[in-house]
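Counting convention: from 1, in listed order, for ligands and their atoms alike. Note that the numbering runs from 1 along the sequence shown for the chain.
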Amino acid sequence: MPAIEHILESLSTPVLSQYDVVVVGGGASGLVAAVAAARSGARTAVIERSGCLGGTGTAGMVAQWIGFFNDKVRVVGGIGFELTERVRALGGSTGFRRYTLAEASASPVTITNFPFNPEVLKIAADEIAREAGVDVYLHSQVVRPLLGERRVEGVVIENASGRGALRAAVVVDASGDAAIAAASGVPFAGAEPELRQHRQPCTLVFRMSNVDVKAFRALPREDKRAIAVDGVKQGRLFWESLSFCSTPGEKDAICLMSRIPGIDALDAGDLTKAEQVGRQQVKSVVDFLRERVPGFEASVLAGIAERVGVRETRRIVGRHTLTESDIVGGVRFADAVALGAGPMDLHEAGGTGIALWMPPAPFEIPLACMLPQDVAGLVVTGRAISATREANGGARHMGTAMCLGHAAGVYAALAAGGSEPDAQEVRRVLVDQNALVSSDAAVQLSEREAPIEALPA
Ligand SMILES: Cc1cc2nc3c(=O)[nH]c(=O)nc-3n(C[C@H](O)[C@H](O)[C@H](O)COP(=O)(O)OP(=O)(O)OC[C@H]3O[C@@H](n4cnc5c(N)ncnc54)[C@H](O)[C@@H]3O)c2cc1C
């Protein structure tokens, strides 16, 4: 939104607290980072603008974790894997499953996912943060970093109580948008004006109840594709997908079927438009599903995500930039702290297609992708790490975001001691906390051990 004039403000901001580690954003990555930092002995706070933790997985209602498995190899351990067990124990999931992503599109890919009930994840997230001793600030927006000489020293937040500062030895930027990094002078990519029309589309997720999930799953793929292609041709569907996740009970469908192009999610006006256009699309898709798609005849719109899902904004330019050839070539890094599994997943900007494929093997992500070159007191995690656009397509899944978050939290807790920790020390602590930090550590599962249930026919 362009300014019509400028006013000068003089603010006196109370300092509310002093932490070792402040995590900005309580999404997939930030939640795990906060738990990891607290468990590593740091006095930790997490600041989240929504009313719940979990980020895109809860407020965005994207109700399946992927990035845990590359074929039959598991790449996520530590706190990320623990969260799957906690959600399962609370009845929020029946576990990992084989699942065909974008089944009705021209390039479907079969992967292993972990579908969950996002409402149960909200509860699990509260519990894991509370047990770790994290101070949680919900309904709180970080508005700027506190900056020293090339160093981040805390953040300013605004919430129902007003405005306040939190000092921190180390700040973890888990905002997904590199919001703190960008405001601290860290170079970034992804916000160039010429990219505006080329960013991946946003999606507003919605939930249908009273769905006959079995009847839908029984439909052959060719039939699903024919219906989807027809829906797009009629302008009633917005991409060639009828994919949805279902929570235990198999009576609901959490649908990723809207597709809102040309949105700059760093612009408040565009974000407003995305929500409004998204809801119009939901209306159209709901009518189409009820009329045309077997299993949806008696379904009811049960909910729309609190917030539109954003696939792409800024990424920092850090000490190493992860590339697609790093991923495909299985490049090994001495400072690897997280493992990705894929799939590579880039939605076509203007059209209705998707480039979707699995990398040949798990891939390593080095700590250097999370660290700014020239600003201290800051580590960046999740969707905004230093990666090319293509590499980010394979590294932005929530499973990977949780691995990165674990590494960011451990790094931050160690760095809060005053000096920059050595990558090997970060790796050692991560391994002690059951994280999988290198390709050698990925868990090869035998058929018998694999915690994978087949989808009902
Ligand atoms: C439509 C869509 C579908 C997707 N499908 C899948 C899928 O099926 N499976 C999968 O694993 N991944 C999927 N992804 C990718 C994945 O959801 C994200 O890339 C992932 O959530 C990134 O994790 P994150 O922690 O970096 O960001 P997020 O989970 O988005 O969390 C960032 C958090 O920071 C908070 N925040 C931001 N700025 C501030 C601020 N200034 N102050 C306070 N809080 C702030 C936000 O509110 C948010 O909670 C999908 C993404 C989208 C958008």
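Annotation: atom 29 (O) of ligand 1 to nearest protein heavy atom, Thr56 N, 3.1 Å. When only non-hydrogen protein atoms are considered, atom 3 (C) of ligand 1 lies nearest to Leu256 CD2, 3.4 Å. Distance from atom 23 (O) of ligand 1 to its nearest protein heavy atom, with residue and atom name: Ala401 CB, 3.6 Å. What sits closest to atom 11 (O) of ligand 1 on the protein, heavy atoms only, is Met398 N, 2.8 Å. What sits closest to atom 5 (N) of ligand 1 on the protein, heavy atoms only, is Val62 CG1, 3.3 Å. Nearest to atom 42 (N) of ligand 1 among the protein's heavy atoms is Val142 N, 2.9 Å. Among protein heavy atoms, the minimum distance from atom 20 (C) of ligand 1 is reached at Arg396 O, 3.5 Å. The protein heavy-atom contact nearest to atom 31 (O) of ligand 1 is Gly27 CA, 3.3 Å.
Under a 4.0 Å N-O distance rule, the pair Arg236/Asp287 does not qualify as a salt bridge. In summary, Lys122 and Glu119 engage in a salt bridge, as defined by a charged side-chain N under 4.0 Å from a carboxylate O. Under a 4.0 Å N-O distance rule, the pair Arg86/Glu131 qualifies as a salt bridge. Comment: Arg163 engages Glu158 in a salt bridge, judged by a side-chain N to carboxylate O separation of less than 4.0 angstrom.
The N/O atoms of Arg311, backbone and side chain alike, include none that comes under 3.5 Å of an N/O atom in ligand 1. Between Arg383 and ligand 1, an N or O atom pair is found at a separation short of 3.5 Å. Of the polar atoms of Glu48, at least one N or O is found under 3.5 Å from an N or O of ligand 1, judged by distance alone. Residue Ile66 places at least one N or O, backbone or side chain, under 3.5 Å from an N or O of ligand 1.
For the residues Ala59, Ala178, Ser29, the heavy atom positioned nearest atom 25 (O) of ligand 1 is part of Ser29. Summarising the contacts of atom 46 (C) of ligand 1 with Glu312, Arg49, Met61, the nearest heavy atom is found in Arg49.
In Val310, the part holding a heavy atom less than 4.0 Å from any atom of ligand 1 is the backbone. Under 4.0 Å from ligand 1, the heavy atoms of Ala174 that appear belong solely to its backbone. When heavy-atom distances to ligand 1 are checked against a 4.0 Å cut-off, Ser140 comes that close only through its backbone atoms N, CA, C and O.
Between the Glu324 side chain and the Glu390 main chain, no donor and acceptor come within less than 3.5 Å of each other. The backbone N or O of Leu430 sits nowhere less than 3.5 Å from a side-chain atom of His406 that would complete a donor-acceptor pair. Ser386 places no side-chain N or O within donor-acceptor distance of the main-chain N or O of Cys369, the cut-off being under 3.5 Å. At least one donor-acceptor pair closer than 3.5 Å links the side chain of Asp20 to the backbone N or O of Arg43.
Listed by number with element, the atoms of ligand 1 under 4.0 angstrom from any heavy atom of His397 are 11 (O), 12 (N). Within the listing of ligand 1, atoms 43 (C), 44 (N) sit less than 4.0 angstrom from a heavy atom of Ile47. When each atom of ligand 1 is checked for a heavy atom of Gln141 under 4.0 Å away, the hits are 41 (N), 42 (N). Listed by number with element, the atoms of ligand 1 under 4.0 Å from a non-hydrogen atom of Gly309 are 53 (C). Listed by atom number, the atoms of ligand 1 under 4.0 Å from Gly382 heavy atoms are 26 (O).
Between Val76 and Arg74, the shortest heavy-atom contact is O-NH1, 2.7 Å. Between Ala442 and Val75, the shortest heavy-atom distance links the atoms CB-CG1, 4.4 Å. Nearest heavy-atom pair, Val310 versus Arg383, reported as atom, atom and distance to 0.1 Å: O-NE, 3.6 Å.
Remark: distances from the non-hydrogen atoms of Ala28 to ligand 1 include one below 4.0 Å.
When Ile304, Val282, Ile254 are each tested for a side chain to side chain contact (heavy atoms under 4.5 Å, CB included) with Val205, only one passes: Ile254. When each of Arg311, Arg259, Gln281 is checked for a side chain to side chain donor-acceptor pair (under 3.5 Å) with Thr203, only Arg311 meets the rule.
Between Phe244 and Phe216, the angle of the ring planes lies from 30° to 60°, which puts this pair in the tilted group.
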